[in-house]
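Working notes for the structure below.
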Amino acid sequence: MFNTLRLQIRFLVPLILTLTAAAYLAQPLLDSLTLRWFSRDLTMRGALVTSAMSDSLAAALESGGKARIQVLFAHAVQDERLLSLGLCSLQGVLLQRSAAYPANVSCAQAQLIAARDVPSLDLESGRVHVSVHPVLQDGAHPADLVLMQDFSFVDRRSQDTRKYLIAFMAALGVVIALITVIVAQLSWRGWVSGARALLRGEGLITPLIGNQRELAPLAADFRDRLRDLEDTYRRSLDRDDHWDPDRLRALLRSQLRGDELIVVSNREPYIHENSDAGVVCHRPASGLVTAVEPVMRACSGTWIAHGGGDADKSVVDGHDRVMVPPGRDEYTLRRIWLTPQEEKGYYYGFANEGLWPLCHVAHVRPVFREADWEMYRRINERFAEAVVTEARSDDPVVLVQDYHFALLPALIRKRLPRATIITFWHIPWPNPESFSICPWRAELLEGLLGSTIVGFHTRYHCKNFLETVDRNLEARIEHEHSTITVNKQTTLVESYPISIAWPDDAERATWPSVSDCRHAVRARLGLPDGHKLAVGVDRFDYTKGILERIHALERLLEKQPQWIGQLSLLQVAAPSRSELEEYKAFQLRIHQLTDRVNSRFDQPDYQAVYLLDRHHDSDAVNELYRAADVCVVTSLHDGMNLVSKEFIAARDDEQGVMILSRFAGAAAELKEALIVNPYHVEEGADALQRALTMPVAEQSERMSNLRATVRDDNVYRWAGRMLADAARWRLRERIDARMQTPSDKS
Ligand code: F6P
């Protein structure tokens, strides 16, 4: 703005000065011109006056009436312009003169002056115009009349003209300058917005397409090309790109104009609970929380979640909000309260007895009850209400998390049509046949398709989702672009492998050394430092393959008995969903299996399996990872599994072996892990044997590659890719809207 003003002043001032100078320089020319015009006028006027007086003068001359001539002169000079008159004989003798006629101006002089271009004479009284005219009567020419008319007005007029001319030129300069500046401004703005639009990819399109029906095929083609380009760009996103909190923040602010991120999940990132020591705050065992929490800390905003801790209500403000992480206050946690009845129907019932087994295909029969479904709908509506309340604008960026909120995207879309809604499904998506078990499959799909983007961990789950929609809804599916359009709302279906925040140097500096961890963990179990430890860290869930893992260990001890007394499995099983019969039965089964295997290989001071079924905080888990020889992830089906990535991040000594189920999403990325089919006990046992005997150099080779993968594909990249896609999506929608031809609209 300031620059524009300076530019205008720089342009305006010289222009005005130039025009003023031009006016000043042009003045003499103008003066001489006007002088001639006025002179000619006065000469003509003189001729007229002479002609009017000729008869009377000739008669007076003839009669020798000098007095009569004086009377005529006196009468004539009553005209204020006519100052004096002189009557000359044809011989040049001044016969008569009026009172004001200068005595020193002879007839000959008067003739000479009158013959000039501008016949003027400067007298004391001022400048006079001199003209000489013949007195004619009936063809006779008895004398000449000299007329002296006031010529001083010409100078006055010339001065006035000069003033007006300069003022006019200056005003003209201002007007021209202003017009030029306005035109320049308008065209500059037009150019700039055009350039901006062009940079955004819009500029070329609007004028090209307009509203012309005949250009519709071109528009469609152009749209397709644009999508192809976008797809290529999206898929080719440079793997070398480094993603960190700063880059994520910058992306959110620059591309989504967002300074507010709203996350919605069932599980809250911090739980406040009463204990003997007062209110304590802990982080739940949840892959979702592990991943989304660093994103939230980077971007700030509001996280809406179920307040499930027994001290949660005691720490919130009047709007059910509390700043977290405790003591650092980096973002707002907005808690939603559920009655035990609501939690039973929505969370335990529909989400975890219905959708969880439906999506995991882990051979546990899904249970769908009408009452649970009603509760699920009601709670989704409550969370939608909370999103609307928490949104500070009509186009917030909302990250909807997981299978607890399949209906939420459409509910938010209804209330905030301009919102960018990114829904991430943290668990697998089954094939269409499996999904068809669900009585409310269409409602769930329609709910999800309120999203701008629906994200899964793997391409395979995306493919399942597209096929499921194809089977169940009237939708336009474009497989090559991975989009679904229902009721004019288009949703991008894309894979975004979730990850963890790669620990930085400062964080790693706080970790105890690997040898200290090895020693500390073994000492607690009464084991020597050389004792081999395989570690498993899971929620106590039937999908995690804990049973299969113990069977694999048992088989190894059978096949390779030299490990009896030398090797143990340390299994952390964080309590989870224990209200449900299925979980209770499963947990009991694991306890029984552990007891049986332990007694089978019983030795003094030795236990084959240590089952730690209690919550471990992140430091304790990290210590276990660093103490382990092998980390075992044998999920029967898992969206991603972040335990595998946490283990790799913890091993900065580049030692330790990762055994990973091929049914975990992570297997697609972590190629250097020992990939197993957890259902195949023999394969599990062999993988354990191979891991335990793997040379240090091979461990190092594999681990360094795994570490590079997890470091690069960190959680900021996960969130960044989704947000970048959402930003491009918004832009494309704007372009599409501009390219709408009348037929598109009708
Ligand atoms: O990762 C899948 C997931 O269901 C998350 O959605 C959830 O946070 C986590 O497992 C733990 O489950 P829950 O919240 O039911 O304890």
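We count ligands from 1, going down the list as the structure has it; atoms in each ligand are counted the same way.
- Within the 4.0 Å heavy-atom criterion, the part of Arg539 lying near ligand 1 is the side chain and not the backbone.
- The nearest non-hydrogen atom to atom 5 (C) of ligand 1, considering only Val292, Asp402, Thr290, comes from Asp402.
- From Leu473, atom CG reaches atom CD of Glu443 across 9.5 Å, with rounding to the nearest 0.5 Å.
- With sequence neighbours left out, Tyr346 forms a ring-ring contact (aromatic ring centres under 6.0 Å, His included) with no residue at all.
- Of all protein heavy atoms, the one lying nearest to atom 14 (O) of ligand 1 is Arg267 NE, 2.9 Å.
- For ligand 1, none of its N or O atoms has an N or O atom of Asn266 under 3.5 Å away.
- Considering only residues two or more places apart in sequence or on other chains, Glu342 meets the side chain to side chain contact (heavy atoms under 4.5 Å, CB included) condition with Leu338, Thr339, Met375, Arg378, Ile379, Arg382.
- Checked by distance only, ligand 1 and Arg577 come closer than 3.5 Å through their nitrogen or oxygen atoms.
- In summary, Glu582 and Arg577 do not engage in a salt bridge, as defined by a charged side-chain N under 4.0 Å from a carboxylate O.
- Between Asn352 and ligand 1, a contact under 3.5 Å exists for no N or O pair.
- Across Arg267, Glu353, His404, a single residue satisfies side chain to side chain donor-acceptor pair (under 3.5 Å) together with Tyr347, and that is Arg267.
- Of the protein's heavy atoms, Ser286 OG, 2.6 Å lies nearest to atom 8 (O) of ligand 1.
- Of the possible polar contacts, one joining the Gln587 side chain to the Phe540 backbone as a donor-acceptor pair under 3.5 Å is found.
- Between Tyr347 and ligand 1, an N or O atom pair is found at a separation short of 3.5 Å.
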